[in-house]
Amino acid sequence: MIIRIADKTLREKSKVGASSLSFKEKIDIAKQLDSLKVDIIETSEIINGKKDILYLHTISSIVKNSIISCPVGISEKEVEVAYDAIKTAVKPRLNILVPVSTVQMEYLCHKKPDKMLDAVVSVTKYASSVCKDIEVSFVDSTRAEKEFLYKAVKVAVENGAKTVTLCDSAGIMLPGEFEKYILDIYEKVPELKNVVLSVECSDEMNMGTASAIASVNVGARQIKVATGVLNCPTLKSVLNVFRVKKNVLDIETSMNMAVLDNVAERISLIAEGGFSRFGGSTDESEKSYSEDVKFSADDDMHTIGKAIFDLGYELSDEEIKDIYDDFLKIAAKKAVGLKELEAIVASTAMQVTPTFKIKSYVINSGNVITPTANIELVRNDEVLRGISIGDGSIDAAFRAIEQIIGHHYELDDFQIQSVTRGREAMGESLVKLRSEGKLYSGKGTSTDIVEASINAYINAINKIYYEEEF
């Protein structure tokens, strides 16, 4: 029988603290898990608004093998926001987290059992109407009142849950006890046999892996693991049992076991403290930089290289050297801020032969009309045209370009500033796009700020296409 593995490293690390993992490290963990073909990658909940949504958009576009599972609370609004963030994934899933012990229900959710049952019904029903794959996780279920838990599992299945997770959150059960616990619920809730039973065991007593494997003997078909997280069965420990006892237990996995050791080691390096080829730890990630940080000519290439890395760029040593040389020219005259450093990256790093060139553009805008953009690009002597409307002139232009290239890239950042003074002042635009989790920046300069923005966008697009082709 096939046993699914759900990795919750990203979800658990988000609880440690806001600076536990950088954006880039989260993407790297998702890539590693996808290369291992782990069945489910559990993300963190959406707490930090646009930043979390961007990260979910990004991993949804790069993960090809695994289910992307986003946790949500007992709220239809959370369901709506989370699904919108992951709906482009090849395999999106929503994981509804339901506290069911008396303590957690009353003190965390301020709900009595009957109100919690009503919430499970409404939220599960709504979630299953927007997403085909719904999991309901009963948090701290081993300490819940049994009759209430039976009802909660039953209504979750009846209202669309495809997977039901039982959690020994406190790690209070031995493997034998957990087996009996699972068997009891199967007996009292026969509807559970119609869905996938998942288990989430704490490793508080160093019994997490043993309890999870024991549950397989009595019907569990999904096990939750993590890496670099305290009190969780590790990915490697569970899969090592699969390696050694697969015939005895009659279990299989679709995961790529040949790369397990390398992937587990890399994830462990990231999750247990972070790493950078420029040195330093996660605590020194991009979150440590404030908007007013300044670099001077006294800063060495190592410092500037790490700042570039922490901003999210993956560049070669040669490119970093070129950037550092240009940085020194400016730093000799004045201090250089983060935005100026990014402008140097955009204008210096990865300059490529352009795939697309601008032939013409026409923008119509005003306070009584919807802005429209009509843009012509040239690729291999072929003229390509895109026409689009937008919330403003620049938004319409970017949408027209997307129409031409037939692809939407995540807009990570967009900046406009004046570089000279007067009526004929030059405007400079910086565009940062993400593709496959990697950051690409483009810069454009013109007396027309819309033209500068179009140039910057095309510059970033050309870098993406160059790297994808070569």
Side-chain angles (χ1 to χ4, degrees), residues 22-28 30-31 50-64 85-86 88-89 286 307-316 319 323 338-358 361 373 375 377 379 384 386 388 390-417 427-446 449-470:
S22 69
F23 186 99
K24 177 177 171 51
E25 286 165 341
K26 292 177 185 178
I27 300 303
D28 201 5
K31 284 182 177 180
K50 291 182 179 179
K51 185 171 290 188
D52 287 343
I53 290 171
L54 173 61
Y55 131 71
L56 288 171
H57 277 317
T58 303
I59 67 170
S60 294
S61 68
I62 65 175
V63 170
K64 306 303 180 187
I86 64 169
T88 58
E286 72 269 20
I308 293 167
F309 179 86
D310 288 340
L311 284 168
Y313 295 97
E314 296 180 50
L315 304 176
S316 68
E319 287 175 316
I323 292 169
L338 279 181
K339 290 185 178 181
E340 290 168 304
L341 182 59
E342 287 204 275
I344 297 171
V345 172
S347 60
T348 304
M350 200 178 164
Q351 297 305 306
V352 301
T353 303
T355 301
F356 298 98
K357 295 181 179 179
I358 300 173
Y361 71 91
I375 294 180
L377 302 180
R379 182 183 186 185
L384 308 170
S388 182
D391 293 334
S393 302
I394 293 173
D395 181 55
F398 288 178
R399 289 175 182 267
I401 294 169
E402 288 180 354
Q403 186 183 109
I404 292 171
I405 65 177
H407 191 91
H408 170 74
Y409 293 103
E410 289 297 333
L411 182 62
D412 189 88
D413 194 14
F414 174 58
Q415 302 171 19
I416 297 175
Q417 62 181 357
E428 182 178 87
S429 177
L430 177 68
V431 168
K432 294 161 63 178
L433 302 178
R434 282 196 183 272
S435 174
E436 302 292 322
K438 186 173 179 179
L439 196 62
Y440 298 82
S441 61
K443 189 173 78 168
T445 305
S446 173
I449 202 61
V450 175
E451 181 179 25
S453 301
I454 293 172
N455 285 334
Y457 198 90
I458 292 298
N459 186 223
I461 291 290
N462 282 332
K463 292 178 181 180
I464 294 172
Y465 269 73
Y466 180 86
E467 185 149 305
E468 289 178 350
E469 290 178 3
F470 296 96

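Computed from a prediction, not measured in an experiment: that's the story for all the values here.
The CD1 atom of Ile458 lies 7.0 Å from the CD1 atom of Ile375; values are rounded to the nearest 0.5 Å. Taking OG from Ser441 and CD1 from Ile344, the interatomic distance works out to 11.0 Å, rounded to the nearest 0.5 Å. In this structure, CD1 on Ile454 lies 11.0 Å from CD1 on Ile449, to the nearest 0.5 angstrom. In this structure, the separation between OG on Ser60 and CD on Glu410 is 9.0 Å, given to the nearest 0.5 Å. Interatomic distance, Ile405 CD1 to Thr355 OG1, rounded to the nearest 0.5 Å: 10.5 Å. With values rounded to the nearest 0.5 angstrom, Ile59 atom CD1 is found 12.5 Å from Asp28 atom CG.
Partners of Asp52 under the salt bridge (Lys or Arg N to Asp or Glu O under 4.0 Å) rule, at least two apart in sequence or in another chain, do not exist in this structure. Partners of Tyr361 under the side-chain hydrogen bond (donor to acceptor under 3.5 Å, both in side chains) rule, at least two apart in sequence or in another chain, are Asp448. For the ring-ring contact (aromatic ring centres under 6.0 Å, His included) test, no residue two or more places apart in sequence or in another chain qualifies with His408. The ring-ring contact (aromatic ring centres under 6.0 Å, His included) check on Tyr55 picks up nothing, with sequence neighbours excluded. By the side-chain hydrogen bond (donor to acceptor under 3.5 Å, both in side chains) test, Glu451 pairs with Ser446, sequence neighbours left out.
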Next on the checklist: The test is side chain to side chain contact (heavy atoms under 4.5 Å, CB included); show your working for Ser453 and Ile416 and say whether it passes.
Outcome noted: CA-CA 8 Å; Ser453 301; Ile416 297 175; 4.1 Å; yes
Item to check | Full working for side chain to side chain contact (heavy atoms under 4.5 Å, CB included) between Asn459 and Val431 | outcome: CA-CA 9 Å; Asn459 186 223; Val431 168; over 6 Å; no
Checklist entry - Could you go step by step and tell me if Leu377 and Arg379 meet the side chain to side chain contact (heavy atoms under 4.5 Å, CB included) rule? => result CA-CA 7 Å; Leu377 302 180; Arg379 182 183 186 185; over 6 Å; no
Item to check | Derivation and outcome, side chain to side chain contact (heavy atoms under 4.5 Å, CB included), residues Asp412 and Leu433 | outcome: CA-CA 5 Å; Asp412 189 88; Leu433 302 178; over 6 Å; no
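Other residues, nucleotides and ligands contribute at most 12 non-hydrogen atoms within 6.0 Å of the NZ atom of Lys357.
Ile394 places a side-chain heavy atom less than 4.5 Å from the side chain of Phe414.
Here the shortest heavy-atom pairing between Ala373 and Ala400 reads O-CB, 4.0 Å. Contact detail for Gly386 and Gln403: the closest heavy-atom pair is CA-OE1, 3.4 Å. Scanning both residues, Ala396 and Gly390, for their nearest heavy atoms gives CB-N, 3.6 Å. Between Gly444 and Ala456, the closest heavy-atom pair is N-CB, 3.5 Å. Looking at every heavy atom in both residues, Phe356 comes nearest to Asn462 through N-OD1, 2.8 Å.
Note: Tyr440 and Tyr409 fail the aromatic proximity criterion, with ring centroids not under 6.0 Å apart.
Listed by first then second residue, pairs satisfying salt bridge (Lys or Arg N to Asp or Glu O under 4.0 Å) with a partner in residues 391-408 read Asp395-Arg399, not counting sequence neighbours.
Here the side chain of Lys443 pairs no donor or acceptor atom with the backbone of Glu428 at under 3.5 angstrom.
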